[in-house]
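See below for the structure under consideration.
Whatever order the structure lists ligands and atoms in, that order sets their numbers, starting from 1. What you see below is based on every heavy atom in this structure, not just the backbone, and it leaves out hydrogens, waters and symmetry mates.
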Amino acid sequence: MSSYDVIVIGSGPGGYVSAIRCAQLGLKTAIVEGRETLGGTCLNVGCIPSKALLHASHMLHEAEHNFGAMGLKGKSPSVDWKQMLQYKSDTIETNTKGVEFLMKKNKIDWLKGWGSIPATGQVKVGDEVHETKNIIIATGSDVATLPGVEIDEKVVVSSTGALELGKIPKRLAVIGAGVIGLELGSVYLRLGSEVTVIEYLDAITPGMDAEVQKTFQRTLKKQGFKFIMGAAVQSVSANKTKATVSYKLRKNDAEETLETDTVLVATGRKPYTDGLGLDALGVEMSERGQIKTNAHYATNVEGIYAIGDCIDGPMLAHKAEDEGMACAEGLAGQQPHVNYNVIPGVIYTHPEVSNVGATEQALKDQGVDYKVGKFSFMGNGRAKANFAGEGFVKILADKATDRILGAHIIGPMAGDLIHEICVAMEFGAAAEDLARTCHAHPTYSEAVREAALACGDGPIHS
Ligand code: NAI
């Protein structure tokens with residue numbers, strides 16, 4: 001039996017980052033992981049593999065749609081699906097191996113197997129019980145299933161099965177117009193599938209800025225996405241090769257069906273805490289199955305902490321990472337802080353979509369007097385050259401103080417552009433601070449500056 005200062009359960013971005021920070025701060029640390037590779041959902045069956053497929057399929061889209069106009073003539077590439085999946089697997093391997101290297105480098109023991117907590121100060125992995133002063137639960141989340149829908153990961157798939165379909169389906173039905181549905185839907189649309197998204201609400205990507213939602217949906221429709229909106233999926237019946245999705249339209253209760261080859265269920269995720277033994281320990285949980293924690297990520301049971309998807313807040317890898325670092329720093333006696341007002345969100349479609357801070361709707365609901373600075377990528381030279389003029393940057397600032405309250409971007413590299421606004425918000429910057437910062441020309445980031453200028457005396461290029 002070995003003993004530790006900290007044992008982290010789960011090696012996703014929350015867990016492994018937390019373990020590294022603990023080790024850097026001098027705590028004797030172990031990480032528990034039952035998968036054969038480290039990295040959790042994100043690296044093995046989530047963020048990373050989906051980005052590989054998005055990248056490959058985007059290259060195909062560029063070849064088919066934009067190469068000719070740039071004077072690059074020739075036959076468009078054909079798709080070798082097996083090789084594309086191999087590229088995806090290789091990408092996973094280099095990333096998971098990278099985390100393994102980081103564990104070794106930081107002298108963190110990998111306790112291989114599924115962990116449970118038989119008592120405070122103990123973590124059981126396989127037949128071995130390890131003593132530890134502190135436990136950080138970073139067990140993440142799992143696919144939330146839908147009543148009446150059985151996932152077989154072949155014809156009816158979750159995001160996991162969608163990353164390794166036997167072949168590219170002729171028709172793909174996606175249940176849920178959230179992040180997963182639109183990212184993976186984009187992959188298969190570009191690879192030639194006919195993609196129909198069935199969404200319960202009247203707008204896609206719930207919680208996002210309404211103007212972005214509209215532009216985003218219009219853009220996706222132009223790309224070939226079909227949408228059935230305001231439709232609650234009731235059930236899916238499937239045989240070995242086909243499926244029928246039954247849904248009810250909310251406006252008139254009409255019951256309709258959609259025949260398809262593959263169904264992707266993308267209706268959300270739920271916290272994953274199975275098998276840890278939290279009930280027996282008396283760890284308090286929320287009604288939604290999340291572990292309840294205080295501002296220091298402590299549960300109600302001494303020495304047990306939790307971070308990431310299994311606690312409250314957006315289910316995002318980078319939110320989990322920040323919490324993991326903060327939890328570790330707290331255990332080492334520091335005074336960390338995660339600013340939940342400045343957690344960016346990104347959808348890696350094309351164009352990308354990103355946001356940080358408040359939406360207009362939220363500001364209206366809070367009665368905040370705000371102003372809007374908006375700039376279209378059509379006015380950005382670099383975007384025009386790269387066939388990327390679709391979309392805009394929108395900055396929301398306090399009307400009286402000019403302080404930036406939120407930002408919403410749809411356009412090229414939106415997921416990268418959002419970060420200068422995040423930094424500005426962390427420093428409590430005014431829109432004018434961004435507007436007066438020199439931005440290199442020609443870059444997409446000039447559109448951010450122009451949106452900031454639009455909060456003041458006006459943008460130059462519109
Ligand atoms: P989501 O919560 O983003 O979207 C689910 C959608 O399904 C909602 O629009 C909802 O109205 C709809 N829905 C629910 N029940 C339905 C029904 N019976 N019929 C029709 N529509 C229905 O969930 P998603 O896309 O599965 O993502 C899960 C989590 O993973 C999210 O928290 C997301 O933030 C995270 N994620 C983040 C990514 C990123 O940051 N790029 C990528 C992938 C996932």
Side-chain angles (χ1 to χ4, degrees), residues 12-14 40-55 140-151 156-163 173-187 196-208 213 216-217 220 227-236 245-251 255-258 263-272 288-290 308-322 343-356 409-410 414-416 418:
T41 298
C42 175
L43 273 72
N44 289 283
V45 288
C47 328
I48 296 297
S50 62
K51 259 78 273 172
L53 293 183
L54 278 159
H55 178 64
S141 59
D142 196 5
V143 174
T145 45
L146 207 55
V149 182
E150 201 178 313
I151 294 174
V156 185
V157 299
S158 70
S159 52
T160 306
L163 294 169
V174 177
I175 309 176
V179 190
I180 292 181
L182 299 180
E183 285 186 2
L184 290 173
S186 290
V187 167
T196 307
V197 181
I198 308 173
E199 167 57 45
Y200 177 79
L201 298 171
D202 296 321
I204 64 170
T205 53
M208 256 180 28
Q213 285 177 327
F216 190 25
Q217 191 173 4
L220 293 174
F227 288 97
I228 301 171
M229 303 301 291
V233 169
Q234 308 291 305
S235 64
V236 175
V245 184
S246 305
Y247 58 90
K248 204 184 232 184
L249 291 175
R250 288 197 299 132
K251 61 178 181 207
E255 292 194 25
E256 307 204 349
T257 57
L258 178 76
V263 181
L264 165 61
V265 184
T267 51
R269 297 180 63 82
K270 58 174 189 216
Y272 180 75
R288 299 170 59 198
Q290 300 150 324
D309 283 11
C310 64
I311 70 168
D312 194 22
M315 289 184 169
L316 296 171
H318 43 283
K319 173 258 193 191
E321 288 180 32
D322 282 21
I343 296 199
V346 179
I347 308 179
Y348 299 87
T349 45
H350 192 80
E352 288 184 349
V353 179
S354 63
N355 63 76
V356 64
I409 307 179
I410 174 164
D416 286 273
I418 198 73

Considering heavy atoms of the protein only, find what lies nearest to [atom] and give residue, atom and distance to 0.1 Å.
| atom | value |
| --- | --- |
| atom 41 (N) of ligand 1 | V346 O, 2.8 Å |
| atom 21 (N) of ligand 1 | Y200 N, 3.1 Å |
| atom 16 (C) of ligand 1 | T267 CG2, 3.7 Å |
| atom 28 (C) of ligand 1 | R269 CG, 3.6 Å |
| atom 12 (C) of ligand 1 | E199 OE1, 3.3 Å |
| atom 44 (C) of ligand 1 | I180 CG1, 3.2 Å |
| atom 4 (O) of ligand 1 | G178 CA, 3.3 Å |
| atom 19 (N) of ligand 1 | V233 N, 3.0 Å |

Looking at Q213 and A203, would you say the former's side chain and the latter's main chain have a donor-acceptor pair under 3.5 Å?
no
Looking at every non-hydrogen atom in both residues, tell me the closest pair between [X] and [Y] and how far apart they are.
| X | Y | answer |
| --- | --- | --- |
| G181 | V174 | CA-CG1, 3.5 Å |
| N355 | M208 | ND2-CG, 4.0 Å |
| K319 | G308 | NZ-O, 3.1 Å |
| A414 | I409 | CB-CG2, 3.6 Å |
| A231 | I198 | CB-CG2, 3.7 Å |

I want to check something: taking the side chain as every heavy atom from C-beta on, are [X] and [Y] in contact at a cut-off of under 4.5 Å?
| X | Y | answer |
| --- | --- | --- |
| V187 | L163 | no |
| V197 | I175 | no |
| V236 | E150 | no |
| F216 | L182 | yes |

Counting only nitrogen or oxygen atoms and a 3.5 angstrom limit, does [X] reach ligand 1?
| X | answer |
| --- | --- |
| Y348 | no |
| L146 | no |
| E183 | yes |
| L201 | no |

Looking at atom 31 (C) of ligand 1, would you say a protein heavy atom lies below 4.0 Å from it?
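For atom 31 (C) of ligand 1 the answer is no, since every protein heavy atom stays at 4.0 Å or beyond.
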For R250 and D202: C-alpha separation, side-chain torsions, deciding distance, then whether salt bridge (charged side-chain N to carboxylate O under 4.0 Å, His left out) applies.
CA-CA 10 Å; R250 288 197 299 132; D202 296 321; 3.4 Å; yes
From [atom], work out which of [options] has a heavy atom at the shortest distance.
| atom | options | value |
| --- | --- | --- |
| atom 42 (C) of ligand 1 | L54, V149, V179 | V179 |
| atom 24 (P) of ligand 1 | G268, P206, A317, A177 | G268 |
| atom 20 (C) of ligand 1 | A231, S235, A144, G176 | A231 |

For [X], the ligand 1 atoms whose distance to one of its heavy atoms is below 4.0 Å:
| X | value |
| --- | --- |
| M315 | 32 (O), 34 (O), 35 (C) |
| L316 | 34 (O), 40 (O) |
| A232 | 19 (N) |
| I198 | 20 (C), 21 (N) |

Kindly list each side-chain donor-acceptor pair under 3.5 angstrom involving residues 46-55, sequence neighbours excluded, with atom names and distances?
{"from": "S50", "atom 1": "OG", "to": "G46", "atom 2": "O", "distance (Å)": "2.9"}
{"from": "S50", "atom 1": "OG", "to": "C47", "atom 2": "O", "distance (Å)": "3.0"}
{"from": "K51", "atom 1": "NZ", "to": "E183", "atom 2": "OE1", "distance (Å)": "2.9"}

Tell me whether the count of non-hydrogen atoms from other residues, nucleotides or ligands lying under 6.0 Å of CD in E256 goes above 12.
yes
Determine whether more than 12 heavy atoms belonging to other residues, nucleotides or ligands lie under 6.0 Å from atom CZ of F227.
yes
Which part of Q234 is near ligand 1, with near meaning a heavy atom under 4.0 Å away: side chain, backbone, both or neither?
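Near ligand 1, Q234 shows nothing, with every heavy atom at 4.0 Å or more.
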For ligand 1, is there an atom lying under 4.0 Å from some heavy atom of C47?
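Checking ligand 1 against C47, which is what was asked, there is no heavy-atom contact under 4.0 Å.
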Is it true that P314 lies under 4.0 Å from ligand 1, counting heavy atoms only?
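For ligand 1, residue contact (heavy atoms, under 4.0 Å) with P314 is absent.
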